[in-house]
Q: 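There's a structure below that I have some questions on.
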Amino acid sequence: MKIYSHPNLSLHRPLPYFSYGKMHDPLEVPERMTELLKAPEALGLTVTTAKDIGMTPILAVHDFGYVDFLKHGYDEWMAVEEDLGAQVQTGIFVPYDNPGIGIMAKAAKYQADDSAPISEHSWTSIYWSAQTALSAADALLDDVSTQSDVQLCFSRPPGHHARKSAAGGFCYLNNAAIIAEYLRQKYQKIAIIDTDMHHGQGIQEIFYNRRDVLYTSVHGSPINFYPAVTGHEHEKGAGEGEGYNINYPMPHGTDEVEFFNYVDQSIETVKLFDADVVIHVLGFDVYKDDPEAKCKVSTEGFKTLAQKLIALNKPVIVLVEGGYYLPKLNENLQSFLSGLMPK
């Protein structure tokens, strides 16, 4: 098993933001990395520093103008004579019929909601989050042995809500989509299993019309829950992609037994697809005490989840994304890692 990270993942520090009619303290904070990195250390596992694969794989998925906004938006925001605030953030989302003239218009074009602000060092973390995932994908492409068949990446900030040209839900670059596209150099069929508490509408959007990348997601029902407008069972893909987008929305309050019933259905879908590589979007926000949890997964449950993935007998790249209950992040990741390790 290989684990990838980078020191720059901790630089992104969003400030409190206004959403749903009130101020919110950010949940996706650098301290998450501090807790997560304790897990491999406790288990004696080596963490490899990600290398720089470059911009080309990112631009194969995301629009150029959007990526340029992520990279330069903070500087443009701060250059405005009027004080717009310490981070790029707007409550306006007008992605269409918007020429993007001026940084406020660009923010309205590319920030889908208030929960993905851009502060001084955000781009550095966003970029290296993608490079961390790409380092695992690159190792798999180059490896003629089986040493890279199980890999885990710290993906901070996370990515599965990021659309082709819009940030939202703490997400900026869609790391799962980026590496799925990158892996297509060698592999014909990629499966993405998403077990984060929230539906990954960004992944769904990017691959909705394709059949070479299967997206299957187990998540809380989106009815009155983020992202609210996607993640329903009837969303099954379109055109050539019809049938290759499978959602398993869980009723709020789902217990661990039922959670794994949904996961088992997702895994059976992947088996039928017979993927060459499996990408797992792992969210610790399904943990029973997480502030975002609408289900009740235990610490031991994460070991079970990892064991179910390994039983597919496919190369697996795990992206650690959601999870906001700091006191248990270390323990929960240790549980998951133990399930990935040989018995």
Side-chain angles (χ1 to χ4, degrees), residues 3-20 22-45 47 87 113-122 124-126 128-129 132-133 152-161 168-172 175 194-198 200 219-220 225-226 252 256 259 280-306 318-340:
I3 302 173
Y4 291 90
S5 186
H6 197 279
N8 286 343
L9 301 185
S10 296
L11 295 179
H12 170 59
R13 182 176 287 279
L15 302 174
Y17 60 94
F18 186 80
S19 183
Y20 299 123
K22 60 183 179 180
M23 293 299 296
H24 293 263
D25 288 325
L27 294 173
E28 208 294 285
V29 292
E31 288 76 14
R32 296 180 64 245
M33 285 301 304
T34 303
E35 294 304 313
L36 289 168
L37 285 167
K38 291 177 181 177
E41 181 180 3
L43 296 173
L45 298 172
V47 177
Q87 59 186 3
D113 60 58
D114 290 325
S115 64
I118 301 171
S119 50
E120 183 177 6
H121 301 295
S122 294
T124 303
S125 292
I126 292 164
W128 280 103
S129 182
T132 302
L152 182 139
C153 309
F154 292 107
S155 185
R156 199 240 160 206
H160 74 150
H161 295 307
F170 312 151
C171 299
Y172 303 85
N175 297 330
D194 191 339
T195 61
D196 187 276
M197 190 69 242
H198 308 84
H219 53 270
F225 184 62
Y226 193 91
H252 296 178
E256 185 168 87
F259 170 80
H280 178 217
V281 178
L282 171 61
F284 288 113
D285 47 1
V286 296
Y287 176 65
K288 58 185 180 68
D289 293 327
D290 193 277
E292 290 292 302
K294 299 293 184 182
C295 64
K296 301 174 183 177
V297 178
S298 67
T299 296
E300 184 66 22
F302 291 109
K303 180 177 181 179
T304 302
L305 178 59
V318 179
L319 304 180
V320 179
E321 297 219 341
Y324 311 104
Y325 186 61
L326 295 180
K328 280 290 188 175
L329 280 181
N330 169 17
E331 188 177 344
N332 288 341
L333 179 54
Q334 283 195 51
S335 178
F336 185 84
L337 287 170
S338 68
L340 295 181

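Any value given below was found using the heavy atoms of this structure, including those in side chains, with hydrogens, waters and symmetry copies removed. When a residue number appears, it is its place in the shown sequence, counting from 1.
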Q: Minimum heavy-atom separation for Met197 to Phe225, with atom names?
A: O-CE2, 3.7 Å
Q: With Ile3 as reference, evaluate Thr132, Val318, Val47 under the side-chain contact (heavy atoms from CB on, under 4.5 Å) test and give the passing residue.
A: Val47
Q: For the residue pair Pro117 and Pro14, what are the closest heavy atoms and their distance?
A: CG-CB, 3.9 Å
Q: Exactly one of Glu321, His12, Glu28 should register a side chain to side chain donor-acceptor pair (under 3.5 Å) with Arg156. Which one does?
A: Glu28
Q: Work out which heavy atom in Ser10 is nearest to a heavy atom in Met33; give both atom names and the distance.
A: OG-CB, 3.5 Å
Q: Within the 4.5 Å heavy-atom criterion, are His280 and Thr195 side-chain neighbours or not?
A: yes
Q: For Cys153 versus Ala133, what's the shortest heavy-atom pair and its separation?
A: SG-CA, 3.9 Å
Q: Looking only at atom types and distance, does a side-chain atom of Tyr226 sit under 3.5 Å from a main-chain N or O of Gly169, one as donor and one as acceptor?
A: yes
Q: Using only heavy-atom distances, determine whether the side chains of Ser122 and Ser119 contain a donor-acceptor pair under 3.5 Å.
A: yes
Q: Can you pull out every salt bridge (Lys or Arg N to Asp or Glu O under 4.0 Å) where at least one residue sits in residues 293-305? Sequence neighbours excluded, please.
A: none
Q: Under the side chain to side chain contact (heavy atoms under 4.5 Å, CB included) rule, collect the residues that match up with Pro327, sequence neighbours excluded.
A: Tyr325
Q: Quick one: pull up CZ in Arg32 and CG in Leu37 and give me the separation to the nearest 0.5 Å.
A: 11.0 Å
Q: Just by distance, with hydrogens left out, do Ser125 and Asn8 show a side-chain donor and acceptor under 3.5 Å apart?
A: no
Q: So how far is it from Leu305 CG to Asn332 CG, rounded to the nearest 0.5 Å?
A: 11.5 Å
Q: How many angstroms lie between atom NE2 of His198 and atom SG of Cys171, to the nearest 0.5 angstrom?
A: 10.0 Å
Q: Does Ile126 reach the side chain of Pro157, with side-chain heavy atoms less than 4.5 Å apart?
A: yes
Q: Trp128 and Leu9: which non-hydrogen atoms are nearest, and at how many Å?
A: C-CD2, 3.6 Å
Q: What's the shortest heavy-atom distance between Gly168 and Asp113, and which atoms?
A: CA-OD2, 3.4 Å
Q: Side chain to side chain contact (heavy atoms under 4.5 Å, CB included) between Leu36 and Val320: does it pass, once the steps are laid out?
A: CA-CA 9 Å; Leu36 289 168; Val320 179; 4.1 Å; yes
Q: Taking the inter-plane angle between the rings of Phe302 and Phe284 on a 0 to 90° scale, is it parallel (under 30°), tilted (30 to 60°) or perpendicular (over 60°)?
A: perpendicular
Q: Would you say the ring centers of His161 and Phe170 fall short of 6.0 Å from each other?
A: no
Q: Quick check for you: to the nearest 0.5 Å, what is the distance between Leu333 atom CG and Thr299 atom OG1?
A: 11.0 Å
Q: Does the side chain of His219 come under 3.5 Å of the side chain of Asp194 through a donor N or O and an acceptor N or O?
A: no
Q: Mark yes or no for whether Asp290, through its side chain, and Tyr324, through its backbone, hold a donor-acceptor pair below 3.5 Å.
A: yes
Q: Decide, yes or no, whether a salt bridge links Glu41 with Lys38 under the criterion of side-chain N to carboxylate O below 4.0 Å.
A: no
Q: Set out, in order, the CA-CA distance, both residues' side-chain angles and the distance that settles side chain to side chain contact (heavy atoms under 4.5 Å, CB included) for Leu340 and Ser338, then state yes or no.
A: CA-CA 5 Å; Leu340 295 181; Ser338 68; over 6 Å; no
Q: With the side chain counted from C-beta on, respond yes when Leu337 and Ser335 share a heavy-atom pair under 4.5 Å apart, and no when they do not.
A: no
Q: Starting at CG of Leu11, measure out to OG of Ser129 and round the result to the nearest 0.5 Å.
A: 12.0 Å
Q: Under 3.5 Å, side chain of Ser298 to main-chain N/O of Gly301, donor-acceptor pair present?
A: yes
Q: How long is the straight-line distance from CZ of Phe336 back to CG of Leu282, given to the nearest 0.5 Å?
A: 5.0 Å
Q: Determine whether Gln87 and Ile118 make a side-chain contact, defined as any pair of heavy atoms from C-beta on separated by less than 4.5 Å.
A: no
